[in-house]
Amino acid sequence: MYRFGTVLSSLLSVAVASASNGFDPREATIASTHHSLDTGLTTCREVVSSFLSRIDLLNNHTNAIISLNPNALTTADQQDAKLRSNNGSYGPLFCIPILLKDNYDTAEIPTTGANLALARSQPSKDAPVVATLKKAGAIILGKANLHELALEGLSVSSLGGQTVNPYDSTRTPGGSSGGTGAAVASSFCVWGTGTDTVNSLRSPASANSLFSCRPTRGLIGRSGIIPISYTQDVIGPIARSVEDVATALMVMASVGFDADDNTTALVPAGTYGTNYMSGLTEGSLKGLRLGLVEGFFNRTPSAENDPVNNAMARTVAKLRGAGATIVSITSPLYNSTALASLDTQRFEYRESMDAYLERPSLGGQHPSTLNELYSGHDYLVIPSQYEYVNTSLVSSTSNTTGRNGGYNSVKQGIANLTLALAETFTANKLDALIYPEQQNLVVEIGSASQSGRNGILAALTGSPVVTVPVGFSNATATAPQGVPIGMEILGRPWTEEKLLQIAYQWQSLGRIRRTPSWAKEVVPVKSYTAVPTVTPNRGNIPAAYPVGTLGG
Ligand SMILES: *[C@@H]1O[C@H](CO)[C@@H](O)[C@H](O)[C@H]1NC(C)=O
Ligand SMILES: *[C@@H]1O[C@H](CO)[C@@H](O)[C@H](O)[C@H]1NC(C)=O
Ligand SMILES: *[C@@H]1O[C@H](CO)[C@@H](O)[C@H](O)[C@H]1NC(C)=O
Ligand SMILES: *[C@@H]1O[C@H](CO)[C@@H](O)[C@H](O)[C@H]1NC(C)=O
Ligand SMILES: *[C@@H]1O[C@H](CO)[C@@H](O)[C@H](O)[C@H]1NC(C)=O
Ligand SMILES: *[C@@H]1O[C@H](CO)[C@@H](O)[C@H](O)[C@H]1NC(C)=O
Ligand SMILES: *[C@@H]1O[C@H](CO)[C@@H](O)[C@H](O)[C@H]1NC(C)=O
Ligand SMILES: *[C@@H]1O[C@H](CO)[C@@H](O)[C@H](O)[C@H]1NC(C)=O
C-alpha cells in the first residue's frame with residue numbers, strides 16, 4: 001500500500017528508475033516521485049538534489065530562475081526523517097519540489113516581481129497559499145522569472161533578464177508566468193505556480209506544451225500575491241500532466257476563505273475540499289457539447305497562423321471522433337481585440353499595488369507606492385506597456401469619465417459580457433467553449449507585445465479555464481521539435497472538476513506533449529552541502545526594452 005494515498009497510474013509517468021539513480025526527474029510527476037520514495041528507490045534529499053542539479057547545469061538554456069531557496073535541502077532532510085520514522089500522515093504534495101512565480105510572498109526568499117526596485121523586498125510571512133502548499137508537503141525550490149510585475153507576456157524583466165522558450169531559442173516562453181512555464185517544461189521541478197490577470201497561466205502553458213488551470217475568481221485566495229487587478233487577477237498551477245494540475249489545484253484551493261480577499265466569500269458551499277484528482281477519470285467526451293469560438297482564430301494564411309489553425313482543425317476532428325459535438329459559435333461579441341476595451345487594469349493597478357507595498361508586514365528595502373517604484377530607474381519598460389503603466393499612475397477606481405467612460409462603465413460592460421457568455425452556454429446547451437490560447441505561434445524575442453492571445457474573455461468574466469497542449473508547428477532549425485500550441489477549455493463558474501475531466505479525456509486520446517530536446521539530458525546528481533545560488537542573466541535583455549525610462 002502506498003503511504004501517499006492512492007497513486008493513480010499516470011499516462012505521462014515515465015520509468016521512475018534508471019540504473020545509476022533511483023529517481024529520474026525528467027518528466028517526473030507527483031505519482032512517479034511518490035512511487036520512487038515509497039519503494040525506497042530514492043530519498044527526499046536525492047529528489048531535491050536531482051532538480052537542483054538540473055537547474056545548476058541547464059538554467060542557461062532558458063534563464064528561467066530568479067532565486068533558489070537556501071532551506072530546500074534542510075526541508076528535504078526533515079521529510080526524510082519523517083519517512084524513516086514512518087510517523088503520521090503525509091500531505092498530498094509530500095516531498096514534491098515546486099517553483100513559485102516570483103510574485104508569491106515567501107518569508108524565506110525576497111519576492112521581487114522580477115523588478116530591480118523590489119530585489120530586496122522581503123515579506124515577513126508566506127502568502128496563505130504558500131503556507132498551504134508547504135503544509136501539504138511541497139518543497140519550495142525557488143522562484144521563477146516573470147514578465148516584470150506580470151504586466152506583459154514576453155517574460156523579460158529588469159531583475160531576471162529574458163527567459164527563453166525551451167523549444168525555440170529565438171522565441172519567448174509566453175507569459176507573464178514564462179519562467180514557470182520554461183522551468184516546468186525543462187523538468188526543473190515537478191510543477192509550478194503562476195498568476196493570471198489576462199493570459200498569464202495560459203500563455204506559458206500553451207507555449208511550453210503544458211497543462212494549467214486558471215480557476216474561477218474567488219476559488220483561491222490571492223492575498224500575499226503582488227497584485228494588478230482586483231477584477232482580473234487569479235492564481236493557479238502549471239504542470240506536465242492533468243493529474244498534477246488536479247492535485248495542485250486541490251491543495252491550492254484548500255487555503256479556503258481568505259479574510260483579506262473578499263472574492264473568496266463567493267465560493268459555493270461544498271466546493272472547498274473537492275478532490276479534483278479522484279473525479280478525473282469519471283468524464284467522457286461522448287455526448288459533450290463544445291462551442292468552438294470562431295472569432296478567436298486568425299484565418300489570414302501565414303507561417304505564424306497556419307500551424308495554430310492546423311492544430312485546432314486536427315483537435316476538432318479528434319474530439320468529434322471521440323463522440324463530442326462541436327458547435328460553431330459565431331457571435332461577433334467574441335472578438336479579443338474588442339473585449340480588451342473592458343480591461344480594468346488601468347483603473348485598479350495603482351490602488352492594489354499601493355496596498356501591497358504599504359503593508360506593515362512587508363519588510364526589506366522597497367518603494368512604498370507604485371509611483372515611487374516608477375520614479376527611479378529600476379524597472380523595464382516595453383513600448384506596448386508604456387501607455388498602460390503611464391495611465392495607471394494617475395488613474396483609480398474613482399475615475400468616472402475618460403477612457404471607456406470610467407471605471408463603473410467598464411464594470412457595467414463586464415457585467416453585460418458575463419451575462420452574454422452565460423446566454424451562449426445556455427442557448428447552445430454547452431459544456432465548455434474551446435479555442436486556441438493564441439491565434440499565432442508564441443512571438444519572437446524582441447517583439448513589442450505577445451500579440452494574438454485570447455485570454456481576455458475568462459479574465460473579465462472570472463471564468464475557469466483548463467489549458468491543454470494540442471500540437472506543434474513544423475520543425476525548423478531553431479525549433480527542432482516545433483513550437484508548442486495550446487487550447488483553452490473555458491467553463492461556467494465553479495466547473496473546474498468538469499473541465500479537468502474533459503482535459504483528462506483529451507490527454508487520454510494520445511500524448512501530445514514533447515520534452516525539449518536538450519532537456520532530455522541526464523544530469524548527474526550532485527551531493528550538495530548547501531543549496532547553490534543562481535544568477536539571472538540580465539545581459540540578454542533586448543535593446544527594444546529600455547530600462548528605467550518611463551516618461552523620460
Ligand atoms: C550552458 O553552460 C554550459 C557550461 O558552462 C555550456 O557548456 C553550454 O554551452 C551553455 N549552454 C547554453 C545554451 O548557453
Ligand atoms: C511523530 O510525529 C508527532 C507529530 O508530528 C511528534 O509529536 C512525534 O514526536 C513523532 N514521533 C516520532 C517517533 O518521531
Ligand atoms: C472587496 O475588497 C476590495 C479590495 O480590497 C474592496 O475595494 C471592496 O470594497 C470590497 N468589497 C466589499 C463589498 O466589501
Ligand atoms: C508542415 O509540414 C507538412 C508535412 O510536410 C506540410 O504538409 C505542411 O504544409 C507544413 N505546414 C506548415 C505550416 O508549414
Ligand atoms: C474586432 O474588433 C476590432 C476592434 O474593435 C475591429 O477592428 C475588428 O474589425 C473586429 N474583428 C471582426 C472580425 O469583427
Ligand atoms: C505619461 O504621463 C505623463 C504625466 O502624467 C505625461 O507627461 C506623458 O506625456 C505621458 N506619456 C505618454 C507616452 O503617455
Ligand atoms: C483618470 O483620471 C485622471 C485624472 O483626470 C486622468 O489623468 C486619467 O487618464 C484617467 N484614467 C483613465 C483610465 O481614464
Ligand atoms: C449594459 O447593458 C445595458 C442593458 O442592456 C445597457 O443599457 C448598457 O448600456 C450596457 N452597458 C455597457 C457599458 O455596455
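These numbers come from the heavy atoms of this one structure, side chains and all, not from hydrogens, waters or symmetry mates. Computed from a predicted model, the values in this text were never measured in an experiment. Both ligands and their constituent atoms are indexed starting at 1 by order of listing.
Within a 6.0 Å radius of CZ in Arg120, no more than 12 heavy atoms belonging to other residues, nucleotides or ligands are found. Applying the 6.0 Å contact sphere to CD of Glu294 captures more than 12 heavy atoms from other residues, nucleotides or ligands.
Annotation: cation-pi pair Arg222/Tyr230 present, NZ/CZ under 6.0 Å from the ring centroid and within 45° of its normal. Stacking of Arg346 on the aromatic ring of Tyr349 is not recorded, the 6.0 Å distance cut-off and the 45° axial limit not both being met.
Within the 4.0 Å heavy-atom criterion, both parts of Val394, backbone and side chain, lie near ligand 7.
Polar contact check, Arg346 against ligand 7: no nitrogen or oxygen pair lies under 3.5 Å apart. Taking only nitrogen or oxygen atoms, main chain and side chain alike, Arg403 reaches within less than 3.5 Å of ligand 7. On a distance-only criterion, Asn399 and ligand 7 share at least one N/O pair closer than 3.5 Å.
Side chain to side chain, Thr231 and Glu348 meet the donor-acceptor criterion of an N or O pair below 3.5 Å. Under the 3.5 Å distance criterion, with hydrogens and angles disregarded, no donor-acceptor pair is assigned to the side chains of Tyr379 and Glu148.
For ligand 7, the atoms closer than 4.0 angstrom to any heavy atom of Ser395 are 1 (C), 8 (C), 10 (C), 11 (N), 12 (C), 13 (C). For ligand 7, the atoms sitting less than 4.0 Å from at least one non-hydrogen atom of Phe347 are 12 (C), 13 (C), numbered in the order shown with element in parentheses.
Tested against Gln438 for a side-chain contact (heavy atoms from CB on, under 4.5 Å), the candidates Val308, Asn199, Ile485, Val443 yield a single pass: Val443. Checked options Leu151, Ile541, Leu116; the residue passing with Leu380 is Ile541 (criterion: side-chain contact (heavy atoms from CB on, under 4.5 Å)).
Within the structure, ring pair (Phe, Tyr, Trp, His ring centres under 6.0 Å) pairs that include any residue of residues 389-443 comprise Phe296-Tyr435, Phe347-Tyr407 (at least two apart or interchain).
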Ligand-protein N/O pairs under 3.5 Å (ligand 5):
{"unit_1": "ligand 5", "atom_1": "2 (O)", "unit_2": "Asn335", "atom_2": "OD1", "d": "3.2"}
{"unit_1": "ligand 5", "atom_1": "2 (O)", "unit_2": "Asn335", "atom_2": "ND2", "d": "2.4"}
{"unit_1": "ligand 5", "atom_1": "11 (N)", "unit_2": "Asn335", "atom_2": "ND2", "d": "2.9"}

